[in-house]
*Asks:* 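Just dropping this structure here.
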2 protein chains.
Amino acid sequence: MAIWKSQAPTLLDVARLADVSLKTASRVLNNARVNEDKVIRVKAAMERLGYRPNELARGLKAQRSAAIGMIVPNLSDPFTANAVNAVQEVARANGFVVILASSGGDVDVERSEIVSLVGRQIDGLIVAPADSRKDSFSDLLPNGVHAVTFDQQLRNADLDSVTVTNRRGTREATAHLLGHGLKRIVAIGARPHLYTCRERVAGYRAAMKAAGIEPRVCLVDHEGMLTPAWLKDQVFDLQQADAILSLNWVCTILSLRGLRELGKTAGRDVPMLSFDDFDLADMLTPALSVVKQPAEMLGREAATLLFERLKGGRVEPRTLVLPTSLILRESCGCRSLS
Amino acid sequence: MAIWKSQAPTLLDVARLADVSLKTASRVLNNARVNEDKVIRVKAAMERLGYRPNELARGLKAQRSAAIGMIVPNLSDPFTANAVNAVQEVARANGFVVILASSGGDVDVERSEIVSLVGRQIDGLIVAPADSRKDSFSDLLPNGVHAVTFDQQLRNADLDSVTVTNRRGTREATAHLLGHGLKRIVAIGARPHLYTCRERVAGYRAAMKAAGIEPRVCLVDHEGMLTPAWLKDQVFDLQQADAILSLNWVCTILSLRGLRELGKTAGRDVPMLSFDDFDLADMLTPALSVVKQPAEMLGREAATLLFERLKGGRVEPRTLVLPTSLILRESCGCRSLS
DNA sequence: CTGAAAGCGCTAACAA
DNA sequence: TTGTTAGCGCTTTCAG
């Protein structure tokens with residue numbers, strides 16, 4: 001039996017049917033102290049009418065919406081998808097819903113999405129920032145609406161954040177490659193304005209420097225520029241790569257494809273190691289060695305941090321750094337280590 | 001400069017500052033006819049106060065929320081992620097936000113998420129149902145809240161839906177495999193209660209029947225049961241597979257892994273074709289042949305259908321069927337067709 | 001074209 | 001414990 005939205009039963013209807021006052025019905029709804037039998041009457045009435053509280057009205061009054069916003073640059077990235085999944089789960093467990101928006105990596109879109117979310121009275125926000133050079137959005141947040149960033153970390157912002165050991169990840173990866181006797185390892189990345197990119201490059205440089213070898217970094221502003229031609233020119237002709245360290249998932253995919261176009265097989269003709277694991281990386285030939293990020297955990301921790309804030313917890317911003325792990329398969333030069 | 005949530009400027013503040021009545025300010029907000037100079041004064045006031053309309057209040061009054069709900073079984077599936085992405089874009093273009101929930105393929109979770117969404121006064125719902133044997137949720141929708149299903153199609157439901165040519169997809173794929181001289185083609189699928197599974201199996205059977213060959217279908221209730229041991233027992237020992245047709249992405253991944261555990265290489269030792277394309281399917285060795293679904297388009301069309309309904313369009317339910325395409329790479333038995 | 005006033009569904013003073 | 005009564009921020013009759 002359908003409920004008519006235009007005439008959905010209200011709490012007043014429930015109260016009338018149960019023959020109690022509106023307030024009493026409200027108290028029952030909120031599990032406040034109410035006479036035993038009235039509780040029963042009210043609950044019966046709710047049942048009979050198929051009553052559903054109007055969260056909008058509830059939120060309007062209470063100045064909260066039981067909704068959090070989440071903004072990511074790109075849902076197609078498996079890392080992101082997994083993080084979103086985890087956030088969603090934690091939110092649900094806390095009785096919250098998540099309003100998802102994607103920025104496409106564009107700060108302006110990101111800002112406009114945030115404005116839209118704030119207008120909907122979200123209680124909190126989780127964002128994987130599109131630009132981490134500066135705090136690009138906390139000016140949009142009303143006092144009382146907390147935000148936590150994940151993946152990226154903002155400069156000059158006092159927000160909670162969850163990141164991974166980007167630097168250590170690439171440092172170890174690079175060191176491993178060096179251990180295979182590789183010298184002209186080229187780091188390929190995109191969007192140099194991102195924290196993750198900077199950190200990963202820094203880790204790479206550190207490892208190269210420690211080995212007394214000149215670092216070779218090839219970055220593009222935007223992933224779209226990472227074409228086979230660019231690979232050939234920059235990475236091979238110019239830098240004479242004898243190994244590749246790809247700094248994120250999209251770069252990995254594009255590099256893999258690009259290499260093939262150039263008639264090379266990643267991992268065989270040119271050893272390769274990639275930041276970010278993904279389904280089937282282990283099924284490539286040779287299997288791709290990666291630095292794995294705990295995507296679900298990132299999402300879970302970000303959400304947990306946010307909900308602790310919402311519950312009125314601590315004041316000083318916290319920064320959580322989760323460990324990456326080096327997964328050695330074959331493409332780095334190891335043979336059937338798995 | 002931060003805005004205080006507790007004391008965020010209201011329309012009344014704007015009106016006072018602009019020295020007009022509340023109603024006039026409201027009219028400006030809604031682009032109704034208002035005196036030119038008053039419009040300017042009001043807009044200036046809004047600007048100065050950093051006024052943001054409270055969508056909750058707006059929605060409460062107007063009985064709508066400018067939000068749609070979306071429920072999917074599994075965000076990690078790239079097909080789903082892409083569809084969500086597209087829905088999000090269309091929603092944004094229409095000034096709507098999307099509240100995302102995932103059911104994990106569980107009907108009860110699905111129902112409870114819908115109840116939650118309805119309580120938030122969503123204006124519409126897009127869902128990839130967790131079970132398509134019957135209409136499992138439209139009883140939860142208040143009159144006036146429309147739903148459109150995508151991917152799956154519900155039995156006995158008069159909802160708008162967007163699906164793909166599942167049957168034709170597997171029929172063509174099977175025919176192609178048969179064309180390579182393969183006979184003991186085994187279709188591997190999961191969740192037989194799903195429309196997509198049924199349809200894909202039907203397409204497979206049709207092609208086998210047309211060729212006068214006994215069909216060999218191996219289904220598991222849940223993807224978790226698709227283990228290497230199961231593959232060995234059911235698919236190889238029992239059915240003596242000489243080719244595999246995997247019916248969805250998860251099955252593909254699990255089959256690929258399972259085959260490797262059994263010491264076989266998909267596409268080389270046993271030809272394989274998979275429903276659902278994904279990043280890097282083309283980078284496997286041999287490259288995986290697939291039936292590709294237009295994921296983004298599915299999402300876009302589902303959202304479009306929904307918004308047309310919201311704008312009060314037609315009454316009779318519509319069913320959109322989008323074309324799949326057979327992408328022949330190598331694993332089906334073709335060699336370097338790409 | 002504009003203003004006053006009444007609510008949307010709910011919660012929270014404040015009394016009783 | 002309960003009921004009465006204001007609102008939350010906005011839209012919208014209904015007069016002016």
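Bear in mind the structure is a predicted one, so any value in this text is a computation, not a measurement. Chain identifiers are assigned alphabetically (A, B, ...) following the order of the sequence lines, protein sequences preceding nucleic acid strands; residue numbering begins at 1 within each chain.
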*Asks:* Once you round it to whole Å, what is the distance between C1' of dT2(D) and CG of Asp19(A)?
*Replies:* 13 Å
*Asks:* When you compare the side chain of Ile71(B) with that of Leu117(B), does any pair of heavy atoms fall below 4.5 Å?
*Replies:* yes
*Asks:* Strictly by modelled atom types, are Ser136(B) and Asp131(B) linked by a side-chain donor-acceptor pair under 3.5 Å?
*Replies:* no
*Asks:* Can a salt bridge be assigned to the pair Arg155(B) and Asp135(B) using a cut-off of 4.0 Å between side-chain N and carboxylate O?
*Replies:* no
*Asks:* In whole Å, what is the span from the CZ atom of Arg120(A) to the P atom of dC10(D)?
*Replies:* 14 Å
*Asks:* Please determine if Asp13(B) and Arg48(B) form a salt bridge, counting it only when a charged side-chain N lies under 4.0 Å from a carboxylate O.
*Replies:* no
*Asks:* Can you sort out the partners of Arg58(B) under salt bridge (charged side-chain N to carboxylate O under 4.0 Å, His left out), two or more places apart, ordered by chain and number?
*Replies:* Glu55(B)
*Asks:* So if I take the C1' atoms of five pairs at each end of the helix from dC1(C)-dG16(D) to dA16(C)-dT1(D) and get each local axis, what angle do the two axes make, rounded to 10 degrees?
*Replies:* 40°
*Asks:* Arg16(B) has an atom CZ; how far is it from atom P of dG3(C), in whole Å?
*Replies:* 14 Å
*Asks:* What ring pair (Phe, Tyr, Trp, His ring centres under 6.0 Å) pairs are there with at least one residue in residues 17-41 of chain A, not counting sequence neighbours?
*Replies:* none
*Asks:* Compute whether any side-chain donor of one residue and acceptor of the other, for Thr196(B) and Gln152(B), lie under 3.5 angstrom apart.
*Replies:* yes
*Asks:* Please determine if a side-chain N or O atom of Lys38(A) lies less than 4.0 Å away from the OP1 or OP2 oxygen of dT2(D).
*Replies:* yes
*Asks:* For Gln63(A) and dC10(D), what is the distance between atoms CD and P respectively, to the nearest whole Å?
*Replies:* 11 Å
*Asks:* By ring pair (Phe, Tyr, Trp, His ring centres under 6.0 Å), which residues pair with Phe96(B), not counting sequence neighbours?
*Replies:* Phe307(B)
*Asks:* Using a cut-off of 4.0 Å between protein heavy atoms and nucleotide atoms, how would you tag nucleotides 10-16 of chain C 5' to 3' with B, S and -?
*Replies:* SBB----
*Asks:* Rounding to a whole Å, what distance do you find between Leu60(B):CG and dC8(D):C1'?
*Replies:* 9 Å
*Asks:* Output all residues satisfying salt bridge (charged side-chain N to carboxylate O under 4.0 Å, His left out) with Arg191(A), sequence neighbours left out; order by chain, then residue number.
*Replies:* Glu223(A)
*Asks:* Between dC1(C), dT2(D), dT2(C), spot the one nearest the side chain of Arg33(B), thanks.
*Replies:* dC1(C)
*Asks:* Indicate whether OP1 or OP2 belonging to dA4(C) is found under 4.0 Å from a side-chain N or O atom of Ser21(B).
*Replies:* no
